[in-house]
Each structure stands twice: as structure tokens, then as C-alpha cells.
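Report on one structure; see the data block that follows.
Keep in mind it's a predicted model, so treat the numbers as computed, not measured. Just so you know, these numbers use all the heavy atoms, side chains as well, and skip hydrogens, waters and symmetry mates.
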Amino acid sequence: VLIHAVGSPQENIKRYAVRVLHSITKWRPPTLKGSLIFYGLLIKDEFENNRVDAAHILGKIDHPHSHIILTEALMDESIAVRIEAVNALGNLKSESLIVEIDTILSIENPDLQLAGIKALVRLGNEDAAAKLLSIFQVDSIKNTPHIFTQVKHFLQHIVSVCSDKSLVE
């Protein structure tokens with residue numbers, strides 16, 4: 001029933017079905033079939049809120065398709081969808097963030113930029129630390145005090161847990 005409701009052309013029915021599916025994921029992790037439902041929402045749905053919810057749920061499904069779908073969602077027209085996709089990729093510790101972070105940071109939206117930095121931190125590995133270090137050295141970041149401060153704070157955190165201490169030199 002919920003699968004049919006998700007495909008409804010009526011926004012209120014579709015929205016309710018998405019909310020119910022979202023609530024279910026709190027008690028039971030979504031299946032691959034569930035991720036495919038949200039894949040359809042994320043890529044095709046006209047309602048921004050549904051795409052945001054779908055990105056959030058895909059961030060709980062550690063499956064290669066989720067990583068691919070969320071990476072595609074980084075190009076969504078909605079900043080809210082992009083932010084949720086970044087957060088979801090960070091939750092999944094997706095290595096695609098290291099590749100995509102330059103694009104994320106090039107968009108002049110402080111919330112999206114900060115989400116990208118925080119997601120890199122959640123990766124918690126040496127590649128992420130090296131990427132943060134390179135971001136930290138970019139002049140445009142130095143001219144954005146709130147981002148610069150966050151990068152510095154997060155970089156210190158990651159470097160403290162990395163085994164390669166040459167990153168801080």
C-alpha cells in the first residue's frame with residue numbers, strides 16, 4: 001500500500017507515505033527494495049521535501065546504489081537536497097566525498113559548504129585529513145571566517161586520530 005501511495009500524483013498522499021516510510025526506518029533498517037523506492041523519489045520527485053527525505057533515508061542504507069544515487073543528488077537544483085545528500089554520504093563514510101568536495105565548496109552557500117566539511121570529518125581517515133588540509137590552505141576559505149574556523153577545528157580533530165603525523169607538518 002505504501003509503495004502505491006509513494007507513487008500517488010496527490011502531494012498530500014505521497015508526503016504522508018514518505019513520512020510513514022521514514023518513521024519505519026527508525027525501527028527497522030530499510031531494505032534494498034526500500035532504497036529503490038527512495039531512488040525513484042530522489043531522482044524524479046517534483047517535491048523538494050520528498051527528495052530531502054529520500055536522501056536522508058538513503059544515508060542509512062550502506063549499499064553501492066545508495067552511494068551512487070546520493071552522489072547524483074549533489075547536483076540537485078535544491079540546496080536542501082544537496083545538503084542532505086552531503087550529510088548522508090558523510091554518514092555512509094562514502095569516499096566519493098573526497099572527489100566531490102571541491103564542487104560542493106565551489107557553490108557559494110555556507111550551509112552546504114559547512115555540511116561538506118563536516119561530512120569529510122565523519123570519514124575520519126587520512127585521505128579526508130589530507131583533503132581538509134588542502135582546503136585549509138585555499139585563500140578563498142581563509143576569507144570565509146566561519147568556514148575557515150570549522151575547517152581548522154575539524155582538521156585538528158582528524159589529525160589527532162590519524163596515524164600519519166606527517167600531515168600536520
Side-chain angles (χ1 to χ4, degrees), residues 18 21-43 45 48-76 78-107 109-138 141 144 146-169:
V18 169
L21 287 169
H22 182 68
S23 296
I24 290 170
T25 63
K26 293 178 183 177
W27 297 293
R28 182 172 176 234
T31 62
L32 180 57
K33 185 175 181 179
S35 76
L36 293 177
I37 291 169
F38 286 103
Y39 168 76
L41 283 174
L42 192 63
I43 298 302
D45 200 78
E48 177 186 87
N49 290 336
N50 287 345
R51 296 193 314 271
V52 169
D53 285 346
H56 178 79
I57 299 224
L58 285 168
K60 297 179 180 186
I61 305 170
D62 194 7
H63 188 277
H65 290 290
S66 295
H67 294 255
I68 293 166
I69 295 164
L70 289 165
T71 301
E72 290 174 3
L74 295 174
M75 297 302 127
D76 193 277
S78 163
I79 291 293
V81 173
R82 290 179 183 190
I83 289 171
E84 194 57 47
V86 167
N87 289 330
L89 287 167
N91 292 339
L92 293 173
K93 298 189 182 305
S94 178
E95 294 292 323
S96 66
L97 276 171
I98 294 172
V99 175
E100 299 294 335
I101 195 67
D102 293 328
T103 302
I104 294 165
L105 294 176
S106 71
I107 297 165
N109 182 292
D111 294 331
L112 180 60
Q113 292 171 337
L114 192 55
I117 298 299
K118 288 179 177 180
L120 264 182
V121 170
R122 285 194 300 276
L123 289 181
N125 62 31
E126 292 178 13
D127 290 339
K131 189 63 179 178
L132 279 170
L133 183 60
S134 70
I135 292 168
F136 186 68
Q137 296 169 342
V138 173
I141 295 298
T144 313
H146 68 284
I147 299 292
F148 181 79
T149 302
Q150 291 295 321
V151 172
K152 181 178 178 182
H153 169 74
F154 293 135
L155 185 60
Q156 288 169 339
H157 170 72
I158 285 186
V159 169
S160 71
V161 297
C162 282
S163 61
D164 184 0
K165 297 301 180 190
S166 67
L167 287 172
V168 289
E169 297 172 353

ask   = Where do Asp62 and His67 land on the side chain to side chain donor-acceptor pair (under 3.5 Å) test, with the steps shown first?
value = CA-CA 8 Å; Asp62 194 7; His67 294 255; 2.9 Å; yes
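Closest approach of Val86 and Ala119 over heavy atoms only: O-CB, 3.5 Å. Residues Leu70 and Ala88 come closest through the heavy atom pair CD1-CB, 3.7 Å. Closest heavy-atom contact between Asn91 and Gly59: CB-O, 3.9 Å. Of all the heavy atoms in Ala55 and Ala85, the pair that sits closest is CB-N, 4.0 Å.
Judged by distance alone, with hydrogens and angles left aside, the side-chain atoms of Glu100 form no donor-acceptor pair with the main-chain N or O of Thr71 at under 3.5 Å. Checking side-chain atoms of Arg51 against main-chain N and O of Val81 turns up no donor-acceptor pair under 3.5 Å. No donor-acceptor pair under 3.5 Å is formed between the side chain of Arg82 and the backbone N or O of Ile104.
Atom-to-atom distance recorded for Ser96:OG and Leu89:CG is 4.5 Å, nearest 0.5 angstrom. One distance of note links OG1 of Thr103 with CE of Met75; it measures 5.0 Å at 0.5 Å rounding. Atoms CZ and OG, from Arg122 and Ser94 in turn, are 11.5 Å apart once rounded to the nearest 0.5 Å. Note that the CG atom of Leu123 and the CD1 atom of Ile98 stand 5.5 Å from one another [nearest 0.5 Å]. Going from atom CG of Leu58 over to atom NE2 of His65 covers 11.5 Å, rounded to the nearest 0.5 Å. Between Leu112 atom CG and Ile83 atom CD1 the span is 5.5 Å, to the nearest 0.5 Å.
The only member of Ile117, Val99, Asp102 that meets side-chain contact (heavy atoms from CB on, under 4.5 Å) when paired with Lys131 is Asp102.
For residues 84-99, no residue pair satisfies the salt bridge (charged side-chain N to carboxylate O under 4.0 Å, His left out) rule, not counting sequence neighbours.
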